Amino acid sequence: KKKKKNLPMRFLIACLTLLILSACSGEKPPKEDEVTLFSSDWDSTTALVTDQVTGILKAQESAQELLSALDTLPEGPATDIKTRLEKELQALGEASEASFAFVNRWQEGATRLNAIKESGNGTLSASDLKE
């Protein structure tokens, strides 16, 4: 059996990579409507990122509730299930930490994008896209 590890983080990185590549694909500075389009794409992807993080948190909560319920069962068969579930909880914790770190970086990008939109000049420069 192969386990899919770090799937949430891979998804988040892929989304960010696609977004950055789409922003950097042109040679000319984007026009105002391109900034608006990029901003709209950013907002849509933000919703996907939020959904992914919410899914991780819900899975963590469900696994923790199940682990608590298993504590009421007698030892024996429940022990193996609890051990596996504890390992899964650990993996979910790592995914959660990585997701929150990614969300923090994502928010920094959103702040830069909002500053560009508020500047009103309607263009993006290469320095706007760098951290």
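Here the structure is a predicted model, which is why all the values come from computation and not from measurement.
Once rounded to the nearest 0.5 Å, the distance linking CD1 of I116 with CZ of F38 reads 8.0 Å. Rounded to the nearest 0.5 Å, atoms OG1 (T45) and CG (D41) are 6.0 Å apart. Atoms NZ and CD, on K82 and E86 in that order, are 6.5 Å from each other to the nearest 0.5 Å. Considering CD of Q107 and CG of L113, their distance stands at 11.5 Å, rounded to 0.5 Å. Taking CG of L89 as the start and CG of L66 as the end, the distance is 9.0 Å to the nearest 0.5 Å.
In this structure, L67 and L85 approach most closely via the heavy-atom pair N-CD2, 3.5 Å. When every heavy atom of S99 is checked against every heavy atom of I56, the shortest pair comes out as OG-CD1, 3.1 Å.
Looking at heavy atoms from C-beta onward, F100 lies in side-chain contact with L57 at the 4.5 angstrom threshold.
Formation of a donor-acceptor pair under 3.5 Å by the S96 side chain with backbone atoms of L92 is not found in this model. Checking side-chain atoms of T72 against main-chain N and O of A69 turns up a donor-acceptor pair under 3.5 Å.
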| task | Could you check Q60 against Q64 for side chain to side chain contact (heavy atoms under 4.5 Å, CB included), going step by step and ending with a plain yes or no? | result | CA-CA 6 Å; Q60 255 183 314; Q64 190 62 50; over 6 Å; no
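Exactly one of L48, T46, V53 qualifies for a side-chain contact (heavy atoms from CB on, under 4.5 Å) with T50. That residue is T46.
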